[in-house]
*Asks:* 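Following this message is one structure expressed as structure tokens.
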Amino acid sequence: MGQGATGLAGALPAGTPQLLDVGHTLPPGGDALSHARGLDCWEVRKHNSSEWCHFIRSNPDCRLDGGFLDYLDGVFCVFPPRLLPLAVTLYALWLLYLFIILGVTAEKFFCPNLSAISTNLKLSHNVAGVTFLAFGNGAPDVFSAVVAFSDPRTAGLAIGAVFGAGVFVTTVVAGGIALVKPFTAASRPFLRDVIFYMVAVFLTFIILYLGRIRLGEALGYLGLYVFYVLTVVLCTWIHRRQRGDGLAPPGAWEPEMPTDVEEPEPSSTNSGDYGEEYRPLLPSRESSLRILTSALSPLDCRKWRRKPWYWRLFKAFRVPVELLLLLTVPVVDPDKDDLNWRRPLNCLHILTSPLLCVLTLKSGAYGLYQIQGVFPVWALVTLVASALALIIFITTSNEEPPKYHCVFAFLGFLASTMWINAAATELVNILRTLGIIFQLSNTVLGLTLLAWGNSIGDTFSDLTMARQGYPRMAFSACFGGIIFNILVGVGLGCLLQMSSSQPLVKLEPDSSLVWVLAGALGLSLAFSLVTVPAQCFQLGKAYGLCLIAYYLLFLCLALLTEFRVIHFPTP
């Protein structure tokens, strides 16, 4: 931040007062915009609209780190002030589309490759469930937290999202499950997950109170999650020993959920929705071009005709994203006989996946770097990957996957990770921009827009699972999944920002709303910890209504605190 300020000051005309430090105003004698350089970017709306663009471009605090688009410059410089509502509308639509990108990438590309990796590593079901499955389900939350923690100005987004999603899932989603299908909760898993989650919330409250997190504390977060995984494995082993089953033998990994919860959507027209009816009587050899075109088709014409209009509309929005993902991310499917081997497309992935990685890492800074000032890195990657793809194409066949096909799962995992990271970076930047436009703190944006967007997938999947007769499984997912989000999201997000010269990250709450969030989450967990055993783990509609009413009360309190209607003393 200081270097950016110095660079800007050096570019100013002679005689202009220099900016000594961010957060301190300049000495008198300069104009209003000179004073603005020492202000928070949040102050831009307090100036005349004719000064907005100069304020944004001259204030170091208005620089968005990472990302491909400068949203602040776009809304305050490209769009005239009278078209500000249009700019906000376009940004809101792009925000929704970013959530779609995150959801599609995690569901159809990130999770299947994690499944294939766990199969190759021969992990048991319970270990895979609390590690790879949790990582797949929580990928958007974790990557959003890591990106937000990368900049002290957006750390409030991460804190708000982690706490906000926790309150939302443990109240609205858990309460919705009890309303949809009253049930008897599994006692030991519930108590174990709630206690671990309360410990994680307490640790986060402590580091927020101290205002910083050191290396040992960040490693402690990750260590606590490892201890949680070991506890789950040990409890499962003890439970099975008591029943005389023993541990399940390692085998092909499948998530512990019924196979009829949701109809899997085919990735190409080769997967028929009508079973054997559309399969040819005699096997036929398809050309490489036909295999490539069918593998790149995100639409199934038969399914398209059978679906309602709103499904078609949503699918139409997803098609461009799915097509780009199909082009750049290989998917290995252990449940298919051919492991989803598509020779021409997989050879193309050898080229597109590394290019995607180098062109999205640090917003393409590494990919555009020129070796000795002459040869760009992306060109070198293209040459090496093209030669490797040609060798694989010559030495393999369309019908049988090679023995090293499992390597494509790791390549797909890396490529989908880069997609999610790029989308999460844009998401954090656009949320910060919206916060500056509406003069909202990052914390309230995190607990509302970011938390809701990242939790919507879990909400629909858990409620669908409950409606189809598996409320205990859905209820366990509410508490088990968010443990991963808070421990790995905060621990890994802060750990990646540390260096050998400065092994700590400052976490200074931007408003008293953070303490409302932490208190509300802790109180909701304490409420469930007391009331669920008191009801002998029989959860009905009264419990669900209480949880939803609690969330509505919390949301009203949070918004009143944000708009300074209610004032709380801060530590």
Side-chain angles (χ1 to χ4, degrees), residues 1 4 8 22-23 25 30-102 144 147-148 151-158 160-161 164 317 363 422-454 510-511 513 555 558-565:
M1 188 71 72
L8 279 173
V22 174
T25 55
D31 58 7
L33 290 177
S34 298
H35 285 277
R37 292 190 196 97
L39 297 176
D40 193 299
C41 191
W42 188 82
E43 304 283 338
V44 62
R45 295 294 302 279
K46 295 183 178 180
H47 290 266
N48 190 287
S49 60
S50 61
E51 301 173 344
W52 286 352
C53 185
H54 193 188
F55 183 99
I56 291 295
R57 291 180 174 175
S58 61
N59 191 352
D61 190 56
C62 295
R63 292 179 178 176
L64 298 177
D65 294 334
F68 294 93
L69 299 174
D70 191 340
Y71 299 103
L72 283 170
D73 189 83
V75 74
F76 289 112
C77 297
V78 176
F79 286 89
R82 66 180 181 276
L83 293 182
L84 183 62
L86 175 62
V88 171
T89 303
L90 293 176
Y91 280 17
L93 292 175
W94 176 231
L95 180 68
L96 293 175
Y97 205 70
L98 286 172
F99 280 120
I100 292 176
I101 293 174
L102 284 173
S144 299
V147 171
D151 189 342
R153 297 170 299 175
T154 57
L157 272 175
F317 280 110
S363 303
T425 302
E426 300 298 321
L427 189 69
V428 169
N429 284 343
I430 200 171
L431 282 175
R432 181 167 185 260
T433 301
L434 292 175
I436 290 171
I437 293 172
F438 293 110
Q439 296 186 313
L440 298 173
S441 68
N442 288 324
T443 304
V444 76
L445 289 171
L447 76 92
T448 53
L449 295 179
L450 189 55
W452 294 340
N454 287 337
D510 53 4
S511 68
L513 181 58
L555 195 60
L559 293 177
L560 291 175
T561 304
E562 171 66 16
F563 293 111
R564 295 173 178 83
V565 177

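Since the model is a prediction, treat every value here as computed from it, not as a measurement.
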*Asks:* Do any N or O atoms from the side chain of Arg45 and from the backbone of Ile437 form a donor-acceptor pair under 3.5 angstrom?
*Replies:* yes
*Asks:* Report the C-alpha separation of Leu513 and Leu447 in whole Å, then their side-chain angles, then the decisive distance to 0.1 Å, and conclude whether the side chain to side chain contact (heavy atoms under 4.5 Å, CB included) test is met.
*Replies:* CA-CA 10 Å; Leu513 181 58; Leu447 76 92; 3.7 Å; yes
*Asks:* What I'd like to find out is whether the side chain of Leu559 reaches to under 4.5 Å of the side chain of Val444, using heavy atoms alone.
*Replies:* yes
*Asks:* Within this structure, what is the CG-CG distance for the pair Leu440 and Leu445, rounded to the nearest 0.5 Å?
*Replies:* 5.5 Å
*Asks:* Test your reading of the model: is there a side-chain donor-acceptor pair from Tyr71 to the backbone of Leu434, 3.5 Å cut-off?
*Replies:* no
*Asks:* Does Phe317, at its CZ atom, have more than 12 non-hydrogen atoms belonging to other residues, nucleotides or ligands within less than 6.0 Å?
*Replies:* no
*Asks:* Can you tell if the side chain of Leu95 reaches within under 4.5 Å of the side chain of Phe99, non-hydrogen atoms only?
*Replies:* yes
*Asks:* Could you report the tightest heavy-atom contact between Val75 and Ala87, atom names first, then the distance?
*Replies:* CG2-CB, 3.6 Å
*Asks:* Rounded to the nearest 0.5 Å, what's the gap from NE2 on His54 to SG on Cys77? Could you check?
*Replies:* 10.0 Å
*Asks:* Roughly how far, to the nearest 0.5 Å, is CD1 of Ile436 from CD1 of Ile56?
*Replies:* 6.0 Å
*Asks:* Under 3.5 Å, is there a donor-acceptor pair between the side chain of Glu562 and the main chain of Ser441?
*Replies:* yes
*Asks:* Please report the shortest heavy-atom distance between Asp70 and Asp73, naming the atom on each side.
*Replies:* OD1-N, 3.2 Å
*Asks:* Looking at Ala423 and Leu98, what are the two nearest heavy atoms and their distance?
*Replies:* O-CD2, 4.1 Å
*Asks:* What distance do Leu450 atom CG and Thr443 atom OG1 have between them, rounded to the nearest 0.5 Å?
*Replies:* 11.5 Å
*Asks:* State, yes or no, whether a side-chain contact exists between Phe438 and Val88 at a heavy-atom distance under 4.5 Å.
*Replies:* yes
*Asks:* Which pair of heavy atoms, one from Leu157 and one from Ala148, lies closest together, and at what distance?
*Replies:* CB-CB, 4.1 Å
*Asks:* Using side-chain hydrogen bond (donor to acceptor under 3.5 Å, both in side chains) as the criterion, list what pairs up with Tyr91, not counting sequence neighbours.
*Replies:* none
*Asks:* Would you name the heavy atoms of Ala451 and Ala161 that are closest together and state the gap between them?
*Replies:* CB-O, 4.0 Å
*Asks:* Atom NE2 in His47, atom SG in Cys53: separation rounded to 0.5 Å?
*Replies:* 14.0 Å
*Asks:* Do Val44 and Asn59 have side chains that get closer than 4.5 Å, going by heavy atoms?
*Replies:* no
*Asks:* Just how far is it from atom CG of Leu560 to atom CG of Leu555, taken to the nearest 0.5 Å?
*Replies:* 9.5 Å
*Asks:* Search all heavy atoms of Arg432 against all heavy atoms of Cys41 and return the closest pair with its distance.
*Replies:* NH2-CB, 4.2 Å
